[in-house]
Amino acid sequence: MLQQTQAATVVPYYNRWLRRFPTVRSLAATTESDVLHAWQGLGYYTRARNLHRCGKMIVEKFGGRLPNDPDELKSLPGIGLYTANAIAVFAFDQSLPIVEANTARVLSRLFNIRAPIDSTSGRQKLWEASAKLVPQKGARHFQNAMMDLGALICTAHNPCCQICPVKKFCRADKPASLPRKRQRARTISITEWHCFRTSGRTILLERCRQRWRGMWMLPKIQQRNSAPIHRAQFSFTHHRITLEVFRGRSNRLTTRQRWFSCHQLNRIPIPSPHRRAIIDLFIAERGAGLHPQRS
DNA sequence: AACGCGGGGCG
DNA sequence: CGCCCAGCGTT
C-alpha cells in the first residue's frame, strides 16, 4: 500500500484491510473482486492484484510464512528491490540498503547526487550510497532514522537544514535544489463520456478493460445526445480527464455489461470518480437506498 | 531506458 | 495548476 502512496493516506486502508484479511490464508482464499473492493479508492490497483497473488504464493510455495531472503522475496509479485530489502531490514533486521522517496532525497543531498534519481545512473548512485552507509548491526534503526529524517527534516519543500542532525556531513551545495528528476510528459486533456442508465433500483455497469481492470464503471458511450447530468475532473499520470455522464442508454448491452441492484454497489469495486458520480446521481434522484461505503 | 498506473495533499 | 508520495511490472 505504501508503494507511491503517502503513509497518512494508507493508514485507514491498512486497518480495514487487516480486519478484512487477518491472515495470509484468508487473503489467499478470497476473490480478486473482493481484494479490489478492499483496495477501492487507494489507486494503483495492480498492487492489490499483486498482493493477492503474493498471498497465494506465500501459502502455496512458502507454507504460509513470508521468506526472509531478499532474493526469495523479490520472486514474489509486487515485491521489487526496495520492498524486498525493506522487509528484510524492518522485519528481520538484516543489514541491507534501501532506497525509496525519503531515503533517496536524503542520500541525494548528503552525497550531492545531481543525476536524476529516477534515471539508471542516479538510481545506481543512490543504492551505492545507501550500501555504503548502512551499518552491520542496528540496520533497522538506522534505516528507520534515515526515512524519518527524510519525512520530517530533509523534506521535499523547505528542508529544515538548521536543525538537521547530519548537517555537517551534507555535501549538497543547494539542498532545496535536490533531488533532480527526469522531465515528465506534458499533461493532456481528455473528455470521456459515460451513461447513467437505471431501471427502478438497478443500474447498468460495465467491466473496465485496461485502466481499472477488474472494476466496474458507468458504461462508455461514443456520442453525447443531450446535456450532461454530471461532470467531474480527475487527473491521471499525465492525463487530465473530464468525466461527463449522460442520462440514458448505452448503445447495446454487451457481454461486459451487467445490471446491479443498489445494495450490490457497496460490495463491488468501482473507481472513485465513477463511485462519486453514481452516489451524486442517485442522491439527485432522492436516494434509491444507496449510501457511501462505511468504514 | 521509458512508460503506465490513482488518488489525495500541498505550495 | 504542478509536484509529491515507504515502486513495480511491462514494453
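Keep in mind the model is a prediction, meaning the values are calculated, not measured. Below, chain A is the first sequence line, B the second, and so on; all start at residue 1.
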Using modelled atom types and a 3.5 Å cut-off, is there a donor and acceptor pairing between side-chain atoms of A:Arg171 and backbone atoms of A:Phe111? no
Which part of the nucleic acid, if any, lies within contact of A:Tyr82, taking any heavy atom under 4.0 Å across all strands shown: a base, the sugar-phosphate backbone alone, or nothing? base
Quick one: label A:Thr120 by what it contacts on the DNA or RNA (base, sugar-phosphate, nothing), any heavy atom closer than 4.0 Å. sugar-phosphate
So what does A:Ala86 touch, heavy atoms closer than 4.0 Å: a base, only the sugar-phosphate, or nothing? nothing
Leading and trailing nucleotides of DNA chain C with any atom under 4.0 Å from heavy atoms of chain A: C:dC1 to C:dG9
Do other residues, nucleotides or ligands put more than 12 heavy atoms under 6.0 Å from the CZ atom of A:Arg256? yes
Among A:Lys74, A:Glu100, A:Gln3, exactly one meets side-chain hydrogen bond (donor to acceptor under 3.5 Å, both in side chains) together with A:Thr83. Which residue is that? A:Gln3
Separation of the C1' atoms in C:dC8 and B:dG9, to the nearest angstrom: 23 Å
Close residues, residues 43-60 of chain A, relative to DNA chain B [heavy-atom separation under 4.0 Å]: A:Gly43, A:Tyr44, A:Tyr45, A:Arg47
Is it the case that the side chain of A:His37 and the backbone of A:Asn266 share a donor-acceptor pair, with hydrogens and angles ignored and the cut-off at 3.5 Å? yes
Does A:Gln6 reach a base, just sugar-phosphate, or nothing at all? Heavy atoms under 4.0 Å. base
Contact class for A:Phe90 (heavy atom, under 4.0 Å): base, sugar-phosphate, or nothing? base
Between A:Arg201 and A:Cys262, is there a donor-acceptor pair closer than 3.5 Å when you use the side chain of the first and the backbone of the second? no
Just to be sure I understand the rule, does A:Thr83 reach a base, reach only the sugar-phosphate, or reach nothing, if contact means heavy atoms closer than 4.0 Å? sugar-phosphate
Using the ring centroid of each side chain, check whether A:Phe196 and A:Phe282 are separated by less than 6.0 Å. yes
Sugar-phosphate, base or nothing in reach of A:Arg123, heavy atoms under 4.0 Å: nothing
Between A:Trp212 and A:His274 (judged by ring centroids, cut-off 6.0 Å), do the two rings come close enough to count as a pair? yes
Pick base, sugar-phosphate or nothing for A:Ile98, based on heavy-atom distances below 4.0 Å to the nucleic acid. nothing
B:dC5 to C:dC4 separation - C1' atoms, rounded to the nearest Å: 16 Å
Is the backbone of A:Met147 close enough, under 3.5 Å, to the side chain of A:Thr103 for a donor and an acceptor to pair up by distance? no
Base, sugar-phosphate alone, or nothing: which one does A:Gly41 contact when heavy atoms must sit under 4.0 Å apart? sugar-phosphate
Covered region of DNA chain B, 5' end to 3' end, by chain A [heavy atoms, under 4.0 Å]: B:dA1 to B:dG8
A:Asn158 vs A:Gln4, nearer the 5' end of DNA chain B by closest nucleotide: A:Gln4
Starting at the 5' end of DNA chain B, which residue's closest nucleotide do you reach first, A:Tyr13 or A:His239? A:His239
Counting C-beta onward and ignoring hydrogens, is there a side-chain heavy-atom pair between A:Leu218 and A:Ile203 closer than 4.5 Å? yes
Between C:dT11 and B:dG6 - P atom distance, rounded Å: 15 Å
Looking only at heavy atoms, which two atoms of A:Ala277 and A:Val245 are closest? And how far apart? CB-CG2, 4.4 Å
Does some side-chain heavy atom of A:Arg275 sit less than 4.5 Å from a side-chain heavy atom of A:Gln40? yes
P spacing across the pair B:dC3 / C:dA6, given as an integer number of angstrom: 24 Å
Check: A:Tyr13 ring centre within less than 6.0 Å of A:Trp39 ring centre: no
